[in-house]
Amino acid sequence: MTQQNQTVLTTCPYCGVGCGMQVSVPSKSAPADALADYQVQLIGDKQHPANLGRLCVKGSSAGETVNFEGRMLAPQINGQEVDWSTALNEVASRFQKVIAEHGPQSVAFYVSGQLLTEDYYVANKLIKGFLGSANIDTNSRLCMASAVVGYKRAFGADSVPCSYEDLEQAELITLVGSNAAWAHPIVYQRIAAAKKANPNMKVVVVDPRKTATCDIADLHLPLKPGTDAVLFNGLLAYLANNQAVDQSFIEQHTEGFGEALAIARQLQGDLSSVAAQCDLQQEELAQFYQWVMRTEKMVTLYSQGVNQSSSGVDKSNAIINCHLATATLGKPGCGPFSITGQPNAMGGREVGGLANQLAAHMDFSKPENIDRVARFWQAQNMAQSEGLKAVDMFKAVADGRIKAIWIMNTNPVVSMPDADAVRRALQLCDTVVVSDCMQHTDTTDVGDILLPALTWGETTGSVTNSDRTISIQRQFMQGPKNARADWWMICEVAKRMGYQQAFDYANTAQIFNEHAQLSAFENGMAEDEQLRDFNLSALIDMSESEYRALKPIQWPVIERDAHNKPIGSKRLFSDAQFFTANRKAQFIAIKPQAPLSVVSDSFPFVLNTGRIRDQWHTMTRTAKTARLMAHRDQPYLSMHPDDAERLGCEQGGLVKASNDLGKFIGRVDISDGQRKGEVFAPMHWTAQYASDARVDALVAANVDALSGQPESKHAVVKIEPFVSRWQALIFSRTELDMQGLKKALLKKQQLSNQKLSTQTTDFYWVKVKGRGFYRYELSCDQALAYQLADWQSILTTEQQSDCSWLEYEDNSQQQSRLACVQNGAVEQLIFVCAQQPTTGSNQLFAGINRDWLAGLFELSDLSDSERRCLLAGKQSGAKDVGKIVCSCFGVGINTIVEAIQSEKLLSAEDIGAALKAGTNCGSCLPELKEILTQAVELVD
Amino acid sequence: MKQKLIVIGSGMVGARFIERLLDEAPEQFDIRVFNKEPNGGYNRIMLSPVLAGEKVLPDIMTHDHDWFEKRDIHLHSSTTIVAVDKINKTVTTDLGANYSYDKLVIATGSSPFILPVPGKDLPGVVAFRDIRDVELMINSSLQNKKAVVIGGGLLGLEAANGLLKRGMDVTVVHRGDVLMNMQMDAISGSLLQESLTKQGMRFAMNAETVEIVGEDQVEAVKMADGRVLKTDLVVMAVGIRPNATIGEKIGLDVNRGILVNDQLQTSEQNIYALGECVEHRGMLYGLVAPLYEQAQVLAEHLAGSESVYQGSFISTKLKVTGISLFSAGDFNDSEESESLVFKDLQQNIYRKIVLKDNRIQGVVMFGDVTGSNWIFDNLVAQNDMTAYRDTLIFGDGFAPSTEQKNKQKERVA
């Protein structure tokens with residue numbers, strides 16, 4: 001059977017860089033059912049302006065994540081599968097009932113930067129225009145809400161002025177609070193390549209941690225966490241003091257410079273004072289300031305290190321102030337460039353998916369905006385004021401003000417600050433609707449109504465990346481037969497609530513068209529209309545096929561060329577005209593604020609959180625492929641070597657971080673890239689993959705007063721080595737129920753009359769996906785008593801009933817190992833070791849060759865020697881001696897033949913002299929003679 | 001002038017001793033050998049394969065008359081020594097001839113132990129010791145159907161296997177509940193029984209034979225609990241007894257066997273003894289490996305070297321096709337010992353090592369004896385196995401775990 005491959009251009013599902021991809025799929029590739037090993041080939045799209053053909057490791061592996069393993073396959077109400085109609089009716093009637101009884105403010109949507117713009121648009125339209133509430137917020141709140149407010153304060157609109165091209169044209173790039181090398185690898189690679197091409201280009205990294213991004217930095221400023229505004233206020237004062245500001249630009253196009261400078265001079269006017277406040281070397285600080293002063297073209301690229309702060313908005317404005325003062329924006333190679341975390345955070349901003357936005361970059365600040373949108377939508381019940389931002393929204397869920405919430409494609413039980421409180425709130429809420437592509441997430445696990453969503457590759461819609469480029473994510477395969485697009489579910493619920501006409505779309509092209517129309521609606525056309533930055537007027541009325549074929553384009557898109565092709569906008573503010581009432585940009589006077597959580601004797605460490613290179617968000621997609629688990633396979637806590645030594649933490653051992661809100665257990669990662677007294681933990685791990693690694697459970701719900709963005713980069717904790725009394729390493733072809741396993745083991749312990757309180761017991765586990773298996777590592781601070789048979793009964797499932805078990809026991813060392821083999825293939829391997837209390841050492845299983853064991857799961861039939869070595873945990877280096885001929889000395893036929901040939905042996909006596917074979921009982925002498933005859937023939 | 005050496009017995013050990021002596025001191029002795037069997041030397045261990053039809057007599061001949069002749073050794077076949085004159089240093093044969101010696105070596109071996117039960121002398125009752133026994137069993141298998149082997153030890157099982165292969169219906173009658181209970185523990189013993197049962201062998205366990213029934217010929221075996229097994233052939237394989245009679249006759253010190261020191265010297269200066277007929281440091285050996293060690297030590301001693309025999313660790317294997325087992329040392333748990341146990345019961349594999357202070361005390365393996373010789377060498381050498389402990393049960397070929405740990409540490413660093 002020959003299958004022609006079909007090529008589809010699409011956009012990467014991961015970060016805000018928004019890379020283009022070329023996906024190659026078999027033309028008849030419609031997997032109607034779950035195919036666990038279904039994969040598609042993909043490469044970078046050379047034509048896409050974001051990546052020009054490059055892809056990072058996550059993007060490159062995306063084709064390995066499209067199988068249906070773990071997918072949600074049917075709508076469910078309270079755990080019972082139902083048909084779509086029942087599920088949608090239930091959602092509609094519950095929301096209607098709650099609104100009828102408690103008013104529109106009692107419902108909420110919590111949506112996501114993973115949604116496509118069209119999904120986002122209808123969600124926003126439904127709740128703000130028809131349910132009468134602005135209680136819609138998005139996980140982008142956690143990511144770039146502060147950047148939005150920063151831009152709005154400075155420019156009068158949420159306008160990212162830059163283009164990725166500016167990275168290549170800049171002479172100085174300052175990355176602030178951005179580990180682009182891991183979080184935005186293609187942006188990083190573009191900078192690295194540009195720096196190589198232009199040796200004069202300088203790269204400065206401003207980050208408390210020495211991250212991988214520092215590899216290309218000419219200067220790393222490891223500032224004290226939270227002092228970014230100090231640094232940039234100091235820069236503003238320095239520039240002014242050295243007459244390095246653009247006076248004419250400031251006078252003609254800005255307002256507020258005097259106040260901003262005055263406060264900067266007052267608080268940060270002195271270099272040595274800034275160095276002290278930021279805990280930096282004065283020489284390094286001076287170096288940075290001098291480079292800025294001498295450089296005409298500079299880009300400041302900032303990300304979560306700036307945004308995730310209780311004063312993130314101020315930090316962005318401190319940065320923007322410096323660009324306004326030097327007129328380094330709106331020009332090639334210049335600009336304050338916020339880079340977003342999510343594939344469609346920008347799309348969400350455009351449609352108004354934030355509680356404090358309305359739609360199409362309009363907000364609630366002006367009644368005419370509300371009126372305009374209401375008229376455009378023919379809204380029956382228009383929200384009149386801002387809704388609750390994420391943190392407040394879940395607080396309202398917790399205290400019962402919100403009685404029904406619909407969570408779309410995001411995982412707040414993991415990603416929200418004070419995440420345990422969010423979980424408790426959702427557990428208590430009457431109606432939690434979760435639409436997701438995965439059956440088991442920490443959030444679907446607390447959902448009442450679950451709706452199976454299509455995901456990347458299964459639907460078509462648009463996304464906007466960090467530099468305003470709108471690209472289409474295109475369908476290239478069929479999703480599970482019962483999964484549906486998000487826009488469809490939202491519209492179906494809307495129709496069932498009586499809004500048939502407003503939500504009657506045949507496809508995403510029609511939704512996009514309405515979105516484009518709204519962007520252009522009363523947008524600066526008439527004299528008295530204020531101009532808005534977001535405008536897609538030249539994309540209105542595209543046919544469905546034009547929409548599907550739309551090439552990447554940067555908004556605003558207002559004009560068309562001679563061939564009637566829409567023209568995008570590379571950068572904003574080239575004319576220095578801003579979107580404020582008087583078209584002038586605003587300096588903001590910044591008084592730097594310290595982070596709200598403060599270290600104390602009880603909680604002496606600052607905990608920073610962030611991304612790692614190969615995982616994405618809460619791992620629902622990236623943890624599906626072994627390739628991406630190879631880089632960092634377990635949650636970890638990075639700490640300075642001195643701290644590790646003082647605490648008695650060893651590399652690879654377990655460590656516990658905790659505070660009043662929650663606890664985190666992970667592996668120790670000793671790194672001199674950490675500042676002393678500060679630790680870092682990745683934010684990806686969920687309760688699906690590890691016992692105690694939802695690091696946001698430790699982050700206090702402190703937010704920026706202006707943006708509502710939480711301070712996820714600054715929690716305070718205490719750190720203790722995890723004292724392990726018992727450890728296990730498990731490989732399993734099938735997924736195991738860790739909660740059940742843990743319960744069974746602890747229950748067994750209680751039955752055996754050991755004093756054990758589950759309240760105080762720490763039981764660490766982590767799940768790591770491998771090729772064809774899952775690996776689990778377990779550790780407990782109590783010595784667990786159990787028998788091998790207990791493990792067998794806990795782990796034996798029905799399909800394994802005909803399996804055979806291999807057992808190993810070293811009783812006095814309390815070491816046990818088990819292997820389950822079925823039809824000649826390995827199903828499970830369990831290595832258990834109880835021990836004297838140690839600090840969570842990982843050395844116990846150091847002799848086990850995980851790679852070799854992993855390889856065995858790809859074999860359908862183990863050889864005798866592989867089977868024998870299963871529980872040794874590694875391959876024997878002993879040669880295969882072959883069938884034993886001389887039993888007395890254990891000499892095998894392979895050894896004998898080899899010796900005959902290599903040493904030219906001629907008689908049984910020769911063999912005896914060489915190998916001792918036949919020299920004891922002599923029983924094998926006749927055989928030796930026979931082997932001699934045959935081997936000599938072979939040689940001849 | 002050459003010294004006169006007389007060797008009584010040219011079984012496996014006697015012949016091996018002479019071989020070693022000729023190597024160590026080719027010209028030193030004028031050797032005379034007396035053998036009560038008619039053949040030259042043959043490999044007694046190989047009687048099992050001969051019985052099983054896997055080999056024939058010429059295959060197992062090791063020292064025929066030619067061999068002795070070529071080496072100028074006087075071989076007296078079918079000749080028994082009836083008296084020794086220690087003072088004049090002469091021996092007297094059953095034919096009345098006298099020969100003088102400077103050194104005398106006794107290698108008379110052992111005899112099968114015959115249960116003292118009624119009927120033990122009936123035709124059809126046979127031991128499993130020499131060529132004649134094997135020939136008798138083979139003949140019997142050609143005419144008869146049923147056989148009973150008394151004794152579920154090594155020799156008994158090999159005999160039973162041979163008869164089974166010869167087409168007989170064989171039942172092994174064993175006193176205890178564990179086969180080869182000297183070499184196997186309960187688990188390996190039951191695996192062994194299971195494997196042999198699969199091959200067609202029957203078992204009467206926990207059965208004490210009280211009588212062999214028959215008039216002119218064996219008809220049945222009767223057991224203490226009243227069970228009666230009809231049979232045409234009874235093989236007695238309940239153990240061996242050292243042939244130490246000659247020692248007693250001469251007046252040497254004899255306990256269970258002829259007592260020898262670390263040079264295999266008896267209580268008489270010029271008389272030596274080795275093999276199954278001796279008792280050394282309280283131990284009797286019935287397996288070939290330690291006896292060959294004795295032969296080597298004695299050869300060296302007589303050649304004038306300083307050589308010491310300090311006793312042997314012994315290991316056991318069973319010569320039954322399709323069955324691998326291995327056993328050595330003390331594999332029973334005690335309070336001071338620690339044990340490593342591996343089981344793959346679906347494959348009938350069981351391995352156990354007993355350690356004391358991380359030194360191997362004993363090992364028992366069934367179904368998979370890979371690496372057993374390496375483990376045995378370490379048992380004999382009493383090496384400290386701490387570094388190997390994690391993988392010890394799986395045999396050789398694994399780098400010591402400490403080495404691995406160091407590697408791991410380096411990688412992390």
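Remember, predicted model here, so these are calculated numbers, not experimental data. The sequence lines fix the lettering, A, B, ..., with proteins before strands; numbering per chain opens at 1.
Looking at every heavy atom in both residues, Thr919(A) comes nearest to Arg16(B) through O-NH2, 2.7 Å. The heavy-atom pair separating Phe398(B) from Lys874(A) by the smallest distance is CE2-O, 3.1 Å. For Arg389(B) against Tyr808(A), the heavy-atom pair with the smallest separation is O-OH, 3.8 Å.
Proximity of Asp59(B) to Lys929(A): side-chain heavy atoms (C-beta onward) are nowhere separated by under 4.5 Å.
For Ser816(A), no part sits under 4.5 Å from any heavy atom of chain B, backbone or side chain. Only the side chain of Thr370(B) comes within less than 4.5 Å of a heavy atom in chain A; its backbone stays farther off. The part of Lys55(B) that comes within reach of chain A is its side chain, from C-beta onward, which places non-hydrogen atoms under 4.5 angstrom from that chain.
Atom CG of Asp390(B) is separated from atom SG of Cys833(A) by 8.0 Å, given to the nearest 0.5 angstrom. To the nearest 0.5 Å, atoms CZ (Phe394(B)) and SG (Cys869(A)) are separated by 8.0 Å.
Here Leu871(A) is the residue among Asn811(A), Asn849(A), Leu925(A), Leu871(A) with the most heavy-atom pairs under 4.5 Å with chain B. Note on Ile60(B), Val288(B), Asp396(B), Val369(B): by heavy-atom pairs under 4.5 Å with chain A, the leading option is Asp396(B). Ranked by non-hydrogen atom pairs under 4.5 Å with chain A, the options Pro49(B), Gly395(B), Ala289(B) are led by Ala289(B). By number of non-hydrogen pairs under 4.5 angstrom with chain A, the leading residue of Ile45(B), Leu392(B), Asp368(B), Ile393(B) is Asp368(B).
Along residues 327-351 of chain B, the residues that come nearer than 4.5 angstrom to chain A, judged on non-hydrogen atoms, are Glu338(B), Ser339(B), Leu340(B), Val341(B), Phe342(B), Lys343(B), Asp344(B), Leu345(B), Gln346(B), Gln347(B) in order of number.
Under a cut-off of 6.0 angstrom, the local environment of CG in Asn894(A) is crowded, with over 12 non-hydrogen atoms contributed by other residues, nucleotides or ligands.
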